[in-house]
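Below is one structure, written out as structure tokens, with a few remarks after it.
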Amino acid sequence: MHYHCYIESYTTLKQTIAIASTLKPVIDPRVYEKIGISLGRSGKYNVHIFGAYPTAKSDHLSLFLHPVSLTRSSIFKRLILPFKLYRQIKKVKPNLAIITTHELLLTGLLLKLFTRCKLIYDIQENYYNNLIFQRNYPWGIRHMLAGVIRLREIIYTRFYNHFILAEKCYQEELGFIGSRYTILENKFAAPEQPIEFIRQDKITLLLSGTISEAYGVLEAIRFFRHLPPDEFELTIIGHCPGKKTYDQVTTLIQGLDNVNNMASLQPVPHTEILKQIGNKTIGILPYQPNKSTENKLPSKLYEYIGLGIPVLISPNPLWEMLIKKYNAGLIVDFITPPPIDNIRNSFSLIHDRLSTDLKEVMWNDEENKILSLTDNLI
């Protein structure tokens, strides 16, 4: 099913950009709210986003959403996935295709061969490091999968025109990108409609985004158990890709009436996460020490600071610099809870930061980068 909200004669005046994902929803924060909207509202491009459900109708004249059933429940379906997306994307005749996952690198190559479009690989993750260091698979299997993915990246991306890096550290970690890259960080894109914070009676710790062991969901729950239930509550909302972790979370929160568990085995729209932000919300990032995340700046950190929400975050020199610069929250060892008064007092940080220049955490400069890049390529 496709959503079209444009005048046919108007589209012929613009270049066409296709952005392709797999299991992330077509309204994914990076692809839709940042890159897609930035390109669409420039007036130069029609932007077609291909991704998974759930979705919503686009309110933007030049932005078209193509939710596709992208189940990967069998080896056969995973093998035909690149060809399925190729057939879908080819119909819009893109001048430029932005591929956002290693699984669709072949899709991009097919598009270049048969439509002559330019190609960008938007590297949102270092998949090799994720597989090796997050230990979601047995030793032999994770090393084999990591090797296959890296080989795929090296071979296919020889035919790509440019790379977008979601993290600065990737320029050091990914040797195959050479010098053909632009760093486009996941900074905070302010919603076009102001967020109305919900009224909260208790201090609410918010754990949002990807729900996984590597991102500290289990430590967050154990940490929360030390806080007085009459004063604090915990909201967990986001995509939990691992069934084992999902079951562990369900078990750990049993008997805790002050936990609002909205973790889902399916992707959760970003708009649903924003609806959980209230007047007494504290964002928590209980990441555990891991080589796959230690040099990355979590997009949630940019988001919470941009929204004026105080944060509790695990020790990390890179993250601490941003926290200290904006007086944005507390550095917390989630194994040993800090004095409760420190958490209560973190709300004063919001008022201290109201007049602060938040340029370093906002999307504006990144928008200029993506517009300059696409203008130069097409």
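Please read all numbers here as calculations on a predicted model, not as lab measurements.
Atom CD1 in Ile273 sits 5.5 Å away from atom CD1 in Ile237 (nearest 0.5 Å). We find the OG1-CD distance between Thr281 and Gln200 to be 3.5 Å, quoted to the nearest 0.5 Å.
Side-chain contact, Ser292 with Gln134: a donor N or O sits under 3.5 Å from an acceptor N or O. In this model, a donor atom of one side chain and an acceptor atom of the other lie less than 3.5 Å apart for Ser208 and Tyr304. In the model, Asp375 has a side-chain atom that pairs as donor or acceptor with a side-chain atom of Tyr45 under 3.5 Å.
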How far apart are the C-alpha atoms of Arg135 and Arg142, what are their side-chain angles, what is the distance that settles it, and do they pass the side-chain contact (heavy atoms from CB on, under 4.5 Å) test? CA-CA 7 Å; Arg135 301 184 178 182; Arg142 68 173 183 263; 3.8 Å; yes

Test Tyr128 against Glu153 for side chain to side chain donor-acceptor pair (under 3.5 Å), laying out the working first. CA-CA 10 Å; Tyr128 184 92; Glu153 289 179 319; over 6 Å; no

Walk me through it: do Phe224 and Asn258 pass the test side-chain contact (heavy atoms from CB on, under 4.5 Å)? CA-CA 10 Å; Phe224 178 72; Asn258 53 338; 3.2 Å; yes

List the steps, then state whether side-chain contact (heavy atoms from CB on, under 4.5 Å) holds for Gln288 with Asn290. CA-CA 6 Å; Gln288 296 306 292; Asn290 193 288; 5.9 Å; no

Could you go through the side-chain contact (heavy atoms from CB on, under 4.5 Å) check for Val26 and Val68 one step at a time? CA-CA 9 Å; Val26 289; Val68 184; over 6 Å; no

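Between His66 and Phe50, the ring-plane angle classifies as parallel under the 30° and 60° cut-offs. Aromatic ring orientation, Tyr86 versus Phe114: tilted (interplanar angle from 30° to 60°). Relative orientation of the Tyr287 and Tyr215 rings is parallel, given thresholds of 30° and 60° on the angle between their planes.
Taking all atoms of both residues into account, the shortest heavy-atom contact from Ile123 to Tyr170 is O-CE1, 3.5 Å. Asn186 and Ser299 get closest at one heavy-atom pair: CB-CB, 3.5 Å. Between Ala220 and Ile284, the closest heavy-atom pair is CB-CD1, 3.9 Å. The shortest heavy-atom contact between Glu185 and Trp363 is O-CZ3, 3.2 Å. Contact record, Ile378 with Asn95: CG2-O, 3.7 Å, taken as the closest heavy-atom pair. Across every non-hydrogen atom of Phe334 and Leu285, the tightest pair is CE1-O, 3.9 Å.
The shortest distance between side-chain heavy atoms of Ile236 and Ile221 falls below 4.5 Å. Under the 4.5 Å side-chain criterion, counting only non-hydrogen atoms from C-beta, Leu373 is in contact with Ile164. Put simply, the side chain of Leu234 does not reach to within 4.5 Å of the side chain of Leu256, judged on heavy atoms. Here the side chains of Leu110 and Pro82 are not in contact, with every heavy-atom distance at 4.5 Å or above. In this structure, the side chains of Lys93 and Thr16 stay at 4.5 Å or more apart for every pair of heavy atoms.
Heavy atoms from other residues, nucleotides or ligands lying under 6.0 Å from OH of Tyr137 number 12 at most. The environment of CG in Asp257 is sparse: at most 12 heavy-atom neighbours from other residues, nucleotides or ligands sit within 6.0 Å. Atom CZ of Arg180 has more than 12 heavy atoms from other residues, nucleotides or ligands within 6.0 Å.
The existence of a salt bridge linking Asp247 and Lys244 is excluded, since no basic side-chain nitrogen approaches an acidic carboxylate oxygen closer than 4.0 Å. The pair Lys275-Glu272 counts as a salt bridge, with a side-chain nitrogen and a carboxylate oxygen less than 4.0 angstrom apart. A salt bridge links Asp122 with Arg30: the closest approach of a Lys/Arg side-chain nitrogen to an acidic carboxylate oxygen falls below 4.0 angstrom. The pair Glu125-Lys296 counts as a salt bridge, with a side-chain nitrogen and a carboxylate oxygen less than 4.0 angstrom apart.
Residues meeting the side chain to side chain contact (heavy atoms under 4.5 Å, CB included) test with Lys369, sequence neighbours left out: Thr182, Leu184, Glu366. By the side chain to side chain donor-acceptor pair (under 3.5 Å) test, Lys112 is found to be paired with Asn161, residues two or more places apart in sequence or in another chain being considered. For Glu303, the side chain to side chain donor-acceptor pair (under 3.5 Å) partners two or more places apart in sequence, or in a different chain, are His270.
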